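This report concerns only the one structure given below.
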Amino acid sequence: SLVPILDLDATSGMSNAVSNPPMALSLNGTQYATLDNDFTIGGSNGVALFAKIKFSGTQTNGASIIDLSTDTNSNGGNRIVMGFADNNKIYFEAFTNNVSLGRIVTSSGVSADTWHSAVVTLQTSGSTKTADLYIDGVSTQTGTFSALTTSTNYTNKYIGKSTVANNYFNGQIFDVAVMRSGTTPG
């Protein structure tokens, strides 16, 4: 079963956010939301990251949807991020000490001006974590991350902004969730 660590409908529990009815974060490419409380995710069952997104035009390569890091001086530390690659493709990447442990990217970009659900699940099997990236309930990419540590206290937690660069999401984000254990989105 899923255990919510963070489940936000728009601005509950966030600062630096601008709300836009009906309860979606409206970010203009220079704005972002900071999650107020430190939290630890992980454990033996895995993690799931979830957000509904909508945008116009083309997103900046590196723009983050959800970006969680342990490092307070922007070196990355242990970091997990779901964001945009080139041509509106969505990616998941994990880092330890600012070194990438792996990256999975959708093979094609998502369409603008439409709400999409973006979900990453991390399932643990021994010392390996398998990441599955889902767009609108369909599995689009899978990858393994053998050295990924998610049982850690995340102190930098951004919605719509990269932890290590000034890459911002430009659009709307709704119903953000970070949960223990993975799930197969429906």
Side-chain angles (χ1 to χ4, degrees), residues 2 4-8 32-33 35 39-43 45-55 59-71 76-111 115-125 127-152 154 156-165 167-169 171 173-186:
L2 296 172
I5 300 166
L6 165 70
D7 191 4
L8 302 174
Y32 62 95
L35 303 177
F39 58 85
T40 299
I41 63 175
N45 295 328
V47 174
L49 307 176
F50 173 84
K52 291 180 185 175
I53 57 170
K54 181 180 178 181
F55 59 93
Q59 288 297 306
T60 302
N61 189 0
S64 294
I65 299 167
I66 300 172
D67 198 320
L68 309 173
S69 173
T70 61
D71 196 341
N78 291 329
R79 179 177 172 230
I80 56 176
V81 58
M82 179 170 56
F84 280 89
D86 61 334
N87 300 314
N88 291 341
K89 295 175 185 174
I90 295 179
Y91 75 92
F92 170 78
E93 192 164 11
F95 299 84
T96 294
N97 297 321
N98 217 26
V99 174
S100 179
L101 300 174
R103 178 177 173 134
I104 54 176
V105 184
T106 58
S107 58
S108 60
V110 296
S111 58
W115 282 103
H116 297 281
S117 65
V119 178
V120 173
T121 64
L122 292 165
Q123 294 294 323
T124 302
S125 176
S127 62
T128 300
K129 288 193 179 359
T130 301
D132 291 301
L133 178 59
Y134 296 84
I135 304 299
D136 298 325
V138 177
S139 177
T140 59
Q141 290 293 326
T142 300
T144 58
F145 300 81
S146 61
L148 176 60
T149 301
T150 56
S151 295
T152 188
Y154 290 93
N156 288 333
K157 304 156 305 292
Y158 297 122
I159 306 298
K161 177 190 181 299
S162 170
T163 300
V164 297
N167 296 327
Y168 298 91
F169 175 79
I173 300 177
F174 178 72
D175 199 18
V176 175
V178 178
M179 299 183 186
R180 286 188 185 97
S181 185
T183 184
T184 302

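Just so it is clear, the structure is predicted and the values come from calculations on it, not from any experiment.
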inquiry  = I'd like to check Val81 versus Thr163 (side-chain heavy atoms, cut-off strictly below 4.5 Å). Are they in contact?
reply    = no
Residue pair Phe50 / Ser117, side-chain heavy-atom distance below 4.5 Å = yes
Atom of Met82, atom of Ala118 and distance for their closest heavy-atom approach = CE-O, 3.7 Å
remark   = Minimal heavy-atom distance between Phe169 and Lys54, with the atoms involved, is CZ-O, 3.8 Å
query = At what distance, to the nearest 0.5 angstrom, does CD1 of Ile159 lie from OH of Tyr32?
reply = 12.5 Å
inquiry  = The criterion is ring-ring contact (aromatic ring centres under 6.0 Å, His included); which residues satisfy it with Phe55, sequence neighbours excluded?
reply    = Phe84
request  = Kindly write out the residues that satisfy side chain to side chain contact (heavy atoms under 4.5 Å, CB included) with Ser108, not counting sequence neighbours, or none if the list is empty.
outcome  = none
query = Hey, does Leu68 have a side-chain heavy atom less than 4.5 Å from the side chain of Leu49?
reply = yes
request  = Identify the two heavy atoms, one from Arg103 and one from Phe145, that lie closest to each other, and give their separation to 0.1 Å.
outcome  = N-CE2, 3.8 Å
request  = Determine which pairs satisfy salt bridge (Lys or Arg N to Asp or Glu O under 4.0 Å) with at least one residue from residues 81-90, sequence neighbours left out, and list them in order.
outcome  = none
message = Measuring from atom CD1 of Ile104 to atom CG of Leu133, what distance do you get when rounded to the nearest 0.5 angstrom?
response = 5.0 Å
query = Residues two or more places apart in sequence or in another chain: which of them pass side chain to side chain contact (heavy atoms under 4.5 Å, CB included) with Ser107?
reply = Gln141
key: Asn78 CG to Thr96 OG1 distance, which is reported to the nearest 0.5 Å   = 4.5 Å
ask   = Is Lys52 atom NZ crowded by more than 12 heavy atoms from other residues, nucleotides or ligands, each under 6.0 Å away?
value = no
ask   = Charged N to carboxylate O under 4.0 angstrom, Asp67 versus Lys161?
value = no
remark   = One should read off an interatomic distance between Ile66 CD1 and Tyr158 OH, to the nearest 0.5 angstrom, of 15.0 Å
inquiry  = Using the side chain to side chain contact (heavy atoms under 4.5 Å, CB included) criterion, which residues pair with Thr60? Sequence neighbours excluded.
reply    = Ala63, Asn167
query = What closest approach, in Å, do Gly62 and Ser162 show between heavy atoms, and which atom pair accounts for it?
reply = O-CB, 4.1 Å
key: Arg79 side, atom CZ; Leu101 side, atom CG - distance, nearest 0.5 Å   = 11.5 Å
ask   = Of the non-hydrogen atoms in Ala51 and Ile173, which two are nearest, and what is the gap between them?
value = CB-CG2, 4.3 Å
request  = For Gly102 and Glu93, work out which heavy atoms get closest and say how close.
outcome  = O-CG, 3.2 Å
inquiry  = Nearest 0.5 Å, please: how far is OG1 in Thr144 from CG in Leu122?
reply    = 11.5 Å
query = Under a 4.5 Å cut-off applied to non-hydrogen side-chain atoms, are His116 and Ile90 in contact?
reply = no
remark   = Residues passing the ring-ring contact (aromatic ring centres under 6.0 Å, His included) test with Tyr91, sequence neighbours excluded, are none
